[in-house]
K.L.:
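Got a structure for you, questions after.
Just so it is clear, the values below take in all heavy atoms, side chains as well, and ignore hydrogens, waters and symmetry mates.
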Amino acid sequence: MLQVQYIKENKEAVIAGLKKRFFDAEEPVERVLGLDDKRKSVQNKLDLSLAEQKKMAAEIGGLFKQGKGAEANDLKEKVSQMKNESKELTSELSQIAEDLQNELYNIPNVPHEKVVAGKSEDDNEVVLEVVDIPEMSDKALPHWEVAAKYDIIDFELGTKITGAGFPVYKGKGARYQRALINYFLDKNTEAGYNEFQVPHLVNEASGYGTGQLPDKEGQMYHSTVDNLYLIPTAEVPVTNMYRDKILKEEDFPIKATAYTPCFRREAGSYGAHVRGLNRLHQFDKVEIVQLQHPDKSWEALDAMVEHIKGILTELGLPFRILRLCGGDTGFTSAMTYDFEVWSAAQKRWLEVSSVSNFLTFQANRLKLRYTAKDGKRHLAHTLNGSSLALPRVLAALLENYQTENGVEIPDILKPYTRFDFID
RNA sequence: GGAGAAAUGGCAGAGUGGUCGAAUGCACUAGUCUUGAAAACUAGCGAGGGUCACACCUCCGGGGGUUCGAAUCCCUCUUUCUCCGCCA
């Protein structure tokens, strides 16, 4: 959620910036500013009325003490009338506040100036590409066939138990996945991220805090009996740990990492591109989150990109980094880098990480602030990224490391898997 | 799941209808003292809206109500604690 003050002071820049998303902000911005003015004037009217009422109430108290009951009763009647008036003002005010909030909820974050205009993924910029894509024979199998051949992932079994998109990992498949989780967490911890284990269900307030609600209600699994949501990403519980917090400047940076399963309804996805591990309803992910001083968040974003680059390099996977264009950048993000690994058998890029700087957009909803040296309070900046999402990494590892006799394990992972080969 | 108790500022903890946005202590910040630090002393010290700045308004777990007036009374939800039951 953008701040009204920010919109007011940077009206033209906001409108121009949002054009890069093909979001026409002109009218929403006008409505926001209009509602804000209205809010202030109604608030002011109400304040004056309440001040008067308070004064009179105090007088009544005094009159009673002096035993002037009759005069007190006269005053009482007067105040009662005023109260009715202010009741109307109160409901008017809360309506305005609600309208204003709804308007703000529907305005996406303003892309950073470096972000190019564009409508879809076709307009994303490739900022780095590791070119040495391995030559695979035509016999190279897509990961779902590799998985079936060595009996390490069972999609049908998951379908039986739950439904499509809930695979069962078996034997070395399960162990490989666990090894990857540990490896990722260790890498993150080494880089200064504090590890957390967090709830996998969150309440409504948390959903609003990170912006999944109200916009993406349909994408989360919802336990209606308890009104809890299954998390679509660890970002939700991890970031919400800091909801309604006022940090000290010296608390920065706060760096957190967590492994969680992620649950996504993915309503409307189907077809060849969702085969195998490419798109699941439940998958594992290790997430990194940073809370940063506003002066440091871009630096931090670069550091996160470097960090993930390091991991993919160690895994020996060909990858590229994209800076998403305006239209493809998530609603809450000001700039997002996507990491994609090359899937040798499918001959396509698979997204394995998405790293974003949200600036104050999330912090505003979260009421996540810090007290500056001068004693003033400001919103913090938040960032997050996947480090990394498991299924597609696993898919690429299975495809790229396959041989005629089995699947090799990258050296860096051998201490974690404690086996060298899948056959 | 049943019975009872409670929820107040960063923490602890007063306050049960009328200058209470809230005593006090700790913590914190600045200053005095000190070679420096500690101690002691002095001052400041919740959040949001609003204003050039004041004024002023809102907030004592959330929501609703009673009253001229509520942290204080009533309803409701949530959470925590104690006891009982159940259980990985």
Side-chain angles (χ1 to χ4, degrees), chain A residues 1-9 32-101 103-104 197-209 213-214 222-229 237 240-252 254 291 360 362-380:
Chain A
M1 184 167 63
L2 294 172
Q3 296 165 90
V4 176
Q5 195 59 25
Y6 178 83
I7 296 175
K8 197 184 239 172
E9 285 166 10
V32 164
L33 297 181
L35 282 166
D36 191 53
D37 284 343
K38 209 164 150 201
R39 195 201 95 235
K40 280 185 199 170
S41 79
V42 174
Q43 177 77 258
N44 193 255
K45 256 201 233 168
L46 177 64
D47 285 358
L48 290 175
S49 171
L50 288 174
E52 189 69 18
Q53 287 175 50
K54 280 177 80 164
K55 225 196 252 168
M56 288 167 96
E59 269 178 56
I60 290 169
L63 287 173
F64 271 125
K65 268 186 191 156
Q66 294 168 39
K68 298 179 181 168
E71 287 175 45
N73 282 326
D74 283 353
L75 260 184
K76 265 198 197 178
E77 207 156 306
K78 248 186 171 172
V79 180
S80 281
Q81 277 176 12
M82 292 189 70
K83 213 181 151 185
N84 286 331
E85 285 171 27
S86 61
K87 239 181 193 166
E88 277 173 40
L89 285 174
T90 304
S91 69
E92 190 182 344
L93 186 64
S94 63
Q95 185 60 52
I96 292 169
E98 198 188 316
D99 292 348
L100 179 58
Q101 178 139 80
E103 288 290 347
L104 288 170
Q197 288 192 5
V198 293
H200 299 164
L201 284 101
V202 294
N203 58 29
E204 234 179 353
S206 294
Y208 278 98
L213 295 173
H222 186 194
S223 168
T224 49
V225 201
D226 301 294
N227 198 23
L228 295 174
Y229 294 86
N240 271 286
M241 293 196 292
Y242 304 96
R243 171 154 45 90
D244 292 324
K245 278 258 183 198
I246 300 180
L247 303 165
K248 291 185 194 136
E249 202 159 357
E250 58 265 31
D251 292 336
F252 292 123
I254 290 179
L291 312 188
T360 59
Q362 278 188 333
N364 193 25
R365 278 200 195 182
L366 290 162
K367 295 201 179 65
L368 166 54
R369 291 158 295 171
Y370 70 96
T371 307
K373 295 248 158 58
D374 62 6
K376 294 216 175 92
R377 268 155 300 279
H378 307 278
L379 293 171

K.L.:
Please identify each residue that fulfils side-chain hydrogen bond (donor to acceptor under 3.5 Å, both in side chains) with A/R243, with sequence neighbours left out.
P.N.:
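Partners of A/R243 under the side-chain hydrogen bond (donor to acceptor under 3.5 Å, both in side chains) test: A/S206, A/N240.
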K.L.:
Using whole Å, what does the distance between atom P of nucleotide B/C68 and atom CD of A/E85 come to?
P.N.:
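It is 16 Å, rounded to the nearest whole Å.
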K.L.:
For atom CD of A/E250, is the number of surrounding heavy atoms from other residues, nucleotides or ligands below 6.0 Å larger than 12?
P.N.:
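Enclosed: over 12 neighbouring heavy atoms sit under 6.0 Å from CD of A/E250.
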K.L.:
Taking the same atom, P, in B/G48 and in B/C11, what whole-Å distance lies between them?
P.N.:
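Rounded to whole Å, the distance is 16 Å.
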K.L.:
Quantified in whole Å, what is the C1' atom distance between nucleotide B/C56 and nucleotide B/U51?
P.N.:
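After rounding to an integer number of Å, I get 9 Å for this pair.
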K.L.:
Taking for each residue the nucleotide of RNA chain B with the nearest heavy atom, is it A/A58 or A/Q53 whose nucleotide lies nearer the 5' end?
P.N.:
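Nearest nucleotide further toward 5': that of A/A58.
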K.L.:
Tell me whether A/D36 is salt-bridged to A/R39, with the criterion being a basic N under 4.0 Å from an acidic carboxylate O.
P.N.:
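A/R39 and A/D36: salt-bridged.
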K.L.:
Under 4.0 Å between a side-chain N or O of A/K248 and OP1 or OP2 of B/G10?
P.N.:
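Result: no.
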K.L.:
Can you tell me the distance, in whole Å, between the CG atom of A/L89 and the C1' atom of B/G49?
P.N.:
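Between C1' of B/G49 and CG of A/L89: 16 Å.
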K.L.:
Under a 4.5 Å cut-off applied to non-hydrogen side-chain atoms, are A/Y6 and A/N364 in contact?
P.N.:
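No, too far: nothing below the 4.5 Å cut-off.
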K.L.:
Looking at A/F252 and A/A380, what are the two nearest heavy atoms and their distance?
P.N.:
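Taking A/F252 first and A/A380 second, the nearest heavy atoms are CZ-CB, 3.7 Å.
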K.L.:
Any strand is fair game: report the nucleotide pairing with B/A53 by Watson-Crick or G-U wobble, both distances under 3.5 Å, or none.
P.N.:
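Across any shown strand, B/A53 pairs with none.
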K.L.:
From the options B/C68, B/A47, B/G49, select the nucleotide whose nearest atom is closest to the side chain of A/R39.
P.N.:
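Minimum distance to the A/R39 side chain belongs to B/G49.
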K.L.:
Which whole-number value in Å describes the distance from A/L247 CG to B/G10 P?
P.N.:
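Atom-to-atom, A/L247 to B/G10, this comes out as 13 Å.
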K.L.:
Go ahead and name the base partner of B/A47; Watson-Crick or wobble counts if both distances stay under 3.5 Å, otherwise write none.
P.N.:
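Answer to the pairing question: B/U58, which forms a Watson-Crick or G-U pair with B/A47.
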K.L.:
Would you mind building the protein contact string for nucleotides 51-65 of chain B? One character per nucleotide, 5' to 3', B for base within reach (heavy atoms under 4.0 Å), S for sugar-phosphate only, - for untouched.
P.N.:
-----SSS-------
K.L.:
If every non-hydrogen atom of A/T371 is compared with every non-hydrogen atom of A/I246, which pair is closest and at what distance?
P.N.:
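Looks like OG1-CG2, 3.4 Å.
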K.L.:
Side-chain contact, heavy-atom cut-off 4.5 Å: A/E204 with A/Y229?
P.N.:
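In short, these two side chains touch, coming nearer than 4.5 Å.
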K.L.:
Name the pairing partner of B/G4, where a pair is Watson-Crick or G-U wobble with both distances under 3.5 Å, or state none.
P.N.:
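B/C81 - that is the nucleotide pairing with B/G4, both distances being under 3.5 Å.
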K.L.:
How far does the C1' atom of B/A7 sit from the matching atom of B/U16, given to the nearest Å?
P.N.:
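It comes out at 15 Å once rounded to the nearest Å.
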K.L.:
Side chains of residues 85-93 of chain A: which donor-acceptor pairs under 3.5 Å do they make with residues two or more places apart or in other chains?
P.N.:
from  : atom 1 : to    : atom 2 : distance (Å)
A/S86 : OG     : A/Q53 : NE2    : 3.1
A/S86 : OG     : A/M82 : O      : 3.4
A/S86 : OG     : A/K83 : O      : 3.0
A/T90 : OG1    : A/S86 : O      : 2.7
A/S91 : OG     : A/E88 : O      : 3.0

K.L.:
How far, in whole Å, is B/U79 from B/G21 if one measures between their P atoms?
P.N.:
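One P to the other, the span is 32 Å.
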K.L.:
Given the P atoms of B/G10 and B/G46, what is the spacing between them in whole Å?
P.N.:
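Between the two P atoms, the distance is 10 Å.
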K.L.:
Rounding to a whole Å, what distance do you find between A/I246:CD1 and B/C28:C1'?
P.N.:
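Whole-Å distance recorded here is 14 Å.
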K.L.:
Using the C1' atom on both, measure B/G49 against B/U29 and round to a whole Å.
P.N.:
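So the two C1' atoms sit 26 Å from each other.
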K.L.:
Could you work out the separation of B/C75 and B/A53 based on their C1' atoms and round it to a whole Å?
P.N.:
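Here B/C75 and B/A53 have their C1' atoms 44 Å from each other.
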K.L.:
Whole Å only: how far is the OH atom of A/Y370 from the P atom of B/A47?
P.N.:
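My rounded result for the distance is 15 Å.
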K.L.:
When you compare B/G13 with B/C83, how far apart are their C1' atoms, in angstrom units rounded to a whole number?
P.N.:
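Roughly 26 Å separates the two C1' atoms.
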K.L.:
Any side-chain N or O of A/R377 below 4.0 angstrom from OP1/OP2 of B/G46?
P.N.:
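For B/G46, OP1/OP2 do not have a side-chain N/O of A/R377 under 4.0 Å.
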K.L.:
Could you say whether A/D36 or A/S80 is positioned toward the 5' end of RNA chain B, judged by the nucleotide with the nearest heavy atom to each?
P.N.:
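Mapping each residue to its closest nucleotide by heavy atoms, the 5'-most match is A/D36.
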K.L.:
Rounded to whole Å, how long is the line connecting atom CG of A/L379 with atom C1' of B/A47?
P.N.:
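It is 14 Å, rounded to the nearest whole Å.
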K.L.:
For the pair made of CG in A/L366 and C1' in B/G48, what is the distance, rounded to whole Å?
P.N.:
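Whole-Å distance recorded here is 17 Å.
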K.L.:
Measure across A/K8 and A/D37 and return the closest heavy-atom pair with its distance rounded to 0.1 Å.
P.N.:
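In terms of heavy atoms, the two residues are closest at NZ-OD1, 4.2 Å.
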K.L.:
For B/U42, what is the paired nucleotide under Watson-Crick or G-U wobble rules, both distances under 3.5 Å?
P.N.:
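Checking every strand shown, B/U42 finds its partner in B/A30, with both distances under 3.5 Å.
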K.L.:
I need the NZ-P distance between A/K76 and B/U66, as an integer number of Å.
P.N.:
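The distance from NZ of A/K76 to P of B/U66 comes to 15 Å, rounded to the nearest Å.
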